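A quick note: this is a predicted structure, and the numbers were derived from the prediction, not measured.
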Amino acid sequence: MSLGQMLTKKGIISDEQLGRALEHQKKLSIRLGEALTEMGFAGHEDIIGSLAEQFDFKVVNPMAATIPQDVINTIPKNIAQRHNIIPVAQQNGLLIVAISDPLDISTLEDLRFTLNTNVECVLATKNNIKDAIKKYYYREKSVSFDGYLDGFKSIIADADESVNYKFGAEKESEAPIVKLVTYIIDEAVKSRASDIHIEPLPGKVRIRYRIDGVCQEVHSIKKRIHEALISRIKILSNIDITEKRKPQDGRISSEVGEKPIDIRVSTIPTTGGESIVMRILEKSTVLVQLKNMGFSTHDYNNFKRVLKKPNGIFLITGPTGSGKSTTLYAALNEVDRSEKKIITVEDPIEYNLSGINQCQVNEAIGLTFPSILRSVLRQDPNIIVIGEIRDVETAEIAVTSALTGHFVISTLHTNDAPSAVTRLSDMGIKPFLISSSIQAILAQRLVRVICPKCKVPCKADNEVLAMLSINNIDVGDTEFYHGTGCEYCNRTGYRGRKAIFEFMCVNTEMREAIFKNAGIHELRKIAHLNGMTTLAEDGLRSARAQITTLEEVIRVSMFASN
C-alpha cells in the first residue's frame, strides 16, 4: 500500500484530508508526509511509523539513546546537518544511520562511498534527528551560574554589601550582566521551564523556574546585582527602565540554539524591589492534534461534534497555565479552514496558523478586544476566536455574535465547567442569553506525567483513595505507578505534563436550568447525570492508565474531595 492508503486504513487521516494533502503536495513539490504534517492532518510519529511498515525499517529515537562519541565521529558534522542524518550505532563494520526520508537513496550511496563501509538505515522523525545533531555535534562548554557571577568581582566590592552595581555605569561592566541574563534564559529553555521568576527577598534575589507546573528555586544572587539584572531584562523587552513604581509588560524575541522563542515579560513593584516573571513561548512548538491530547473517546466525540455547530459559543476554561491556548489551537487545527472564514482576536498571538486571519490586540492604540470584535463582525466570518473573555463588553459581543449565526470559541478563567455559566452571569449577561448561546464548556488542568525512566509500581494509599471518593474495591486489580526520582526527571519523579478534562455539553435540560438561574451544584448534578466526567474522574482514568499519580490528580483537581 501507498503511504496515503496506510494512513487512511489506520484511521489517522480521512479520504478528504488525503485528497487535500495530495493537492498541497503537487503544488509545492514536496513529499506526501511533509504535506500531511504541514497541514496538521498527521503527526511526525504517524508518518514515520507508516513509512517504517512500508519499507520494513526499524524506528528509533536518537534522543532517547546514548550514542558513543566514536560513532558520532564517523560522519562529519556538516554532512549530518546537510542531510539531516545521524549515526546511532556501529557493529562489525556496519554503520547504522538514522534518517527521516527512506527514499533518499543518493545520500545513502554517498555515505557508503565516502566512508567505505556498509550502511544500514533506521527511521526517526526529522525533529528527533535535528535535536540529536544539536546534542552530539554542538556540545557547548559548560559554564556554571557562579562562573557568570565571577564577572562581577572586578566591579563590585565584596567588602561592602551596600554597594549596588549600576547597570551601564561603566562600559566594560555591560558584558557580565548581558551574559548572566542570556545564561538564565538559555538554562530555563533547556530545563523545559514555562516561566522564569526573579523575586527580591530580604538579603537575596531568588531565581525560580516553573518546570512541569511547579516552581523550583535554581539560583540565588546577592541583592546588589538585582537592579542591573532588572534593567537588562527591561531593555531587552522594551520596558521603561526609569519607571519602578508601576507594573509594566513587555516582550522579548530570542533564539536558544536554533529554536526561536518569545518571552512575555511582566514586572511588578514589591517591598523588596521589582519582581519579574518571564513566560517562555516556543514559536517552533508543534501544534498538538486534538486526537493526541488524551481525551476519552466520549469527550473526543463530543468535542468534534461541537466544532461542527454552525453557531453558538464554545468555552475553554481553567486557570492561567492550564493549557487552554493549546486546546484552542488544536480545535482550530481540526476545523476545515479552506471552506470557512476564521478570524481570531488574540493577546498575544502565540502560534501562527495558515488559512486563518489573526488579529493582535494593541491597547496602546485603541485596539482592544471589543473594538476589534466590532470590526470583525463586518468581515462576515464563520468562526470567531476570542483569546479571552475579560470583561462584560467582550462577553456581550461574543453572545450577540453567537445569536446572529457565528460560531465563537473563547477562553475564560473559571475553576470548572459549570462555574463558567455563573461567571458570565456575574459579568451581567442575562441567563436567557447564556442558555441560548452556549453550546459546550470544557474545563481542564495539567497533571504531571510519571517519569518513564524511574517508573515503578506502588500501592494506592487508603487516605488518598478516600480523597477521591473511591476505595480498594473500586480499584480492584488496578496497578498504580509513581516515579522514584532520577537525573532524567531532576529527582522529581515526573517529566512532562498532560491535560485532564471536564466536558459539559449544554442540552435542553441544561438550558432550562441556566434559564432559571440555577446554582453551580445543580448545574453540576445535571451535567453529571448527562454523562459529564469531572476533572477528578478523568484524572483517575489517567492514573489507572499509569500516566500520572493519584497524588497529582488530587493536587490539581478542585473537586477531588467531593
Side-chain angles (χ1 to χ4, degrees), residues 1-14 17-18 20-22 24-25 28-65 67 80-88 96-104 107-108 121-136 192 257-261 281-295 323 326-327 329-334 337 350-355 449 452 495-499:
M1 287 189 290
S2 67
L3 176 62
Q5 290 172 326
M6 293 179 76
L7 292 169
T8 51
K9 186 178 180 181
K10 291 178 181 179
I12 294 171
I13 61 172
S14 65
Q17 288 175 326
L18 176 59
R20 288 172 57 194
L22 287 170
H24 188 66
Q25 173 198 16
L28 300 181
S29 300
I30 57 177
R31 303 279 194 208
L32 177 60
E34 290 180 70
L36 288 166
T37 53
E38 279 185 16
M39 299 179 79
F41 296 154
H44 292 285
E45 289 78 11
D46 297 325
I47 301 297
I48 285 296
S50 297
L51 287 172
E53 288 181 39
Q54 190 179 21
F55 291 93
D56 194 25
F57 281 178
K58 290 181 181 178
V59 177
V60 300
N61 181 357
M63 286 299 290
I67 307 174
Q81 197 167 25
R82 187 189 314 137
H83 299 291
N84 200 45
I85 59 176
I86 190 165
V88 293
I96 300 173
V97 179
I99 62 173
S100 59
D101 183 0
L103 297 175
D104 191 2
T107 296
L108 302 180
C121 292
V122 291
L123 288 184
T125 65
K126 186 180 292 186
N127 289 338
N128 278 343
I129 293 175
K130 281 183 178 178
D131 290 341
I133 289 172
K134 291 176 192 173
K135 176 181 177 181
Y136 289 102
R192 302 177 298 106
E258 295 180 359
K259 186 186 293 183
I261 59 168
L281 303 168
E282 292 186 20
K283 290 181 179 178
S284 59
T285 300
V286 178
L287 292 177
V288 180
Q289 289 185 292
L290 202 61
K291 64 180 179 181
N292 296 330
M293 291 193 66
F295 285 100
T326 300
T327 303
Y329 281 101
L332 288 179
N333 222 26
E334 194 77 13
R337 287 170 272 177
E350 295 184 13
Y351 303 100
N352 292 311
L353 293 176
S354 61
V449 175
R495 186 176 172 92
R497 290 188 291 174
K498 78 167 289 289

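Scanning both residues, I86 and I133, for their nearest heavy atoms gives CD1-N, 3.9 Å. For the residue pair S50 and K10, the shortest heavy atom distance occurs at OG-NZ, 3.1 Å. When all heavy atoms are compared, the tightest approach of V59 to A52 is CG2-CB, 3.4 Å. Closest approach of A42 to I47, counting heavy atoms only: CB-CD1, 4.0 Å. The minimum heavy-atom distance linking A21 with L32 is given by the pair CB-CD1, 4.0 Å. For the residue pair I67 and P87, the shortest heavy atom distance occurs at CG2-O, 3.5 Å.
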> Taking it one step at a time, do Q5 and L18 satisfy side chain to side chain contact (heavy atoms under 4.5 Å, CB included)?
Replying inline: CA-CA 9 Å; Q5 290 172 326; L18 176 59; 5.8 Å; no
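With contacts defined as side-chain heavy-atom distances shorter than 4.5 Å, the pair I96/V122 qualifies. Looking at I48 and N128, their side chains never come closer than 4.5 Å, going by heavy atoms from C-beta outward. Side-chain atoms of L51 and L3, non-hydrogen and from C-beta on, do get closer than 4.5 Å to each other. Residues F55 and L103 are in side-chain contact: their nearest non-hydrogen atoms beyond the backbone lie under 4.5 Å apart. Side-chain atoms of L36 and Q17, non-hydrogen and from C-beta on, never get closer than 4.5 Å to each other. L123 places a side-chain heavy atom less than 4.5 Å from the side chain of I99.
The backbone N or O of G43 lies less than 3.5 Å from a partner atom in the side chain of D46, making a donor-acceptor pair. Listed for the T37 side chain is a donor-acceptor partner under 3.5 Å among the backbone atoms of E34.
Remark: D101 CG to R31 CZ distance equals 4.0 Å, nearest 0.5 Å. Once rounded to the nearest 0.5 Å, the distance linking NZ of K130 with CE of M63 reads 14.0 Å. A distance of 6.0 Å separates CD of Q54 from CE of M6, quoted to the nearest 0.5 Å. For the atom pair I12 CD1 and E45 CD, the distance stands at 10.5 Å (nearest 0.5 Å).
No more than 12 heavy atoms of other residues, nucleotides or ligands sit less than 6.0 Å from atom NZ of K126. Taking a 6.0 Å sphere around NZ of K9, one finds it holds 12 or fewer heavy atoms contributed by other residues, nucleotides or ligands.
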